[in-house]
Amino acid sequence: MSSGIVWSLALLLSLVCLNPFQLSSAQLSPNHYANICPNVESIVRQAVQKKFQQTFVTVPATLRLFFHDCFVQGCDASVLVASTGANQAEKDHSDNLSLAGDGFDTVIKAKAAVDAVPQCRNKVSCADILALAARDVVVLAGGPSYTVELGRFDGLVSRASDVNGRLPQPGFNLNQLNSLFAANGLTQTDMIALSGAHTLGFSHCNRFSNRIYSTPVDPTLNKQYAAQLQQMCPRNVDPRIAINMDPNTPRTFDNFYYKNLQNGQGLFTSDQILFTDQRSRPTVNSFASNANVFNSNFVAAMTKLGRVGVKTARNGKIRTDCSVL
């Protein structure tokens, strides 16, 4: 076998072994729309700000929507697609039914604002609009601004069955969390940083009732906090009752989430485990003691998250309606 053929085979093997997300994310660039829709960032930002002025829920809803999108078939806006008679879409999977409508509405309104500009109409993907909106809501809540890489195409499929096993559950331990995030090219540090988004938003009582009504009550829970949760979430409570993920600063993007974990105030098992497990505790302590360290790690993790499963013109499209394939 000639040296040229050997080299070619070696190159092919090295490409096959690469993280598949690296191959598709190479197309992403902050300047992707410079000659296509140069004002896309300001257009989206203004639409997000307008929605934010109507309701604060815009912030956690949009941020969570981005995460749920990227972890299922990549960041391709497939979570926005509506079900049809022939297909049950991602958004109607049981793990996505708690996604707040304000997140979807934020993207719909931003898409309409972009398409109202003739030069931009049907030129900007729903996936990119969601990625920009996720950054913008973090900033509106007092979090760090960062550069968003652009150039994603929208996915061609959206199936509820694809959600199975792809999203973290409230009862996950550290091994389960690390495994799920590693499958998306994210490290334990990335996972802990992204978990910091739980400094915003809310959950429903049934997602953590097993911790406060077990015998004994989950010992990793702060006793006073557990008593407060029992008051807010009595047995057989209305399932629509929402509880803040961060009991101290629920409307501010900050590092208080990690301080809460140090105090036994993580709402989910999957939150508190980050502090109780010796392998992840040092990172929690680092983020709790230094907001700048948390912010920089959050930005790095969000950037990596935005590269997951990116679609190209070959396996994606620019949707004219984000809810229709």
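What's counted below: heavy atoms across the whole structure, side chains too, no hydrogens, waters or symmetry copies. Throughout, residue positions are numbered sequentially from 1 according to the sequence presented.
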Self-check item: Donor-acceptor under 3.5 Å (R235 side chain, Q230 main chain)
Solution: no
Quiz item: With no hydrogens and no angle check, is any side-chain donor or acceptor of N263 less than 3.5 Å from a backbone partner on K259?
Solution: yes
Quiz prompt | N/O donor-acceptor pair under 3.5 Å between T312 side chain and R314 backbone | solution = yes
Self-check item: Residue Q169 excluded, over 12 heavy atoms near CD under 6.0 Å
Solution: yes
Quiz prompt | Main-chain N/O of P250 paired to N244 side chain as donor or acceptor, under 3.5 Å | solution = no
Quiz item: Rounded to the nearest 0.5 Å, how far apart are CD1 of I129 and NZ of K109?
Solution: 14.0 Å
Exercise. To the nearest 0.5 Å, tell me how far Q272 CD sits from L261 CG.
Key: 5.5 Å
Practice problem: Tell me, please, whether F71 has R166 positioned over its six-membered ring: NZ or CZ under 6.0 Å from the ring centre and within 45 degrees of its axis? | Solution: no
Quiz item: Taking a hydrophobic cluster as the set of Ile, Leu, Val, Met, Phe, Trp and Tyr residues connected by side-chain heavy atoms closer than 4.5 Å, whether directly or through intermediates, do L274 and L221 fall within one such cluster?
Solution: no
Cut-off 3.5 Å, no hydrogens considered: what does the side-chain donor-acceptor table look like for residues 30-37, sequence neighbours left out?
| unit_1 | atom_1 | unit_2 | atom_2 | d |
| --- | --- | --- | --- | --- |
| Y33 | OH | S125 | N | 3.3 |
| Y33 | OH | D128 | OD2 | 2.6 |

Self-check item: Under 3.5 Å donor-acceptor, T58 side chain and T55 backbone
Solution: yes
Quiz item: Taking S83 for the side chain and A89 for the main chain, is one N or O donor matched with an acceptor at less than 3.5 Å?
Solution: yes
Quiz item: Is a side-chain donor or acceptor of D69 paired with a backbone partner of S78 at a separation under 3.5 angstrom?
Solution: yes
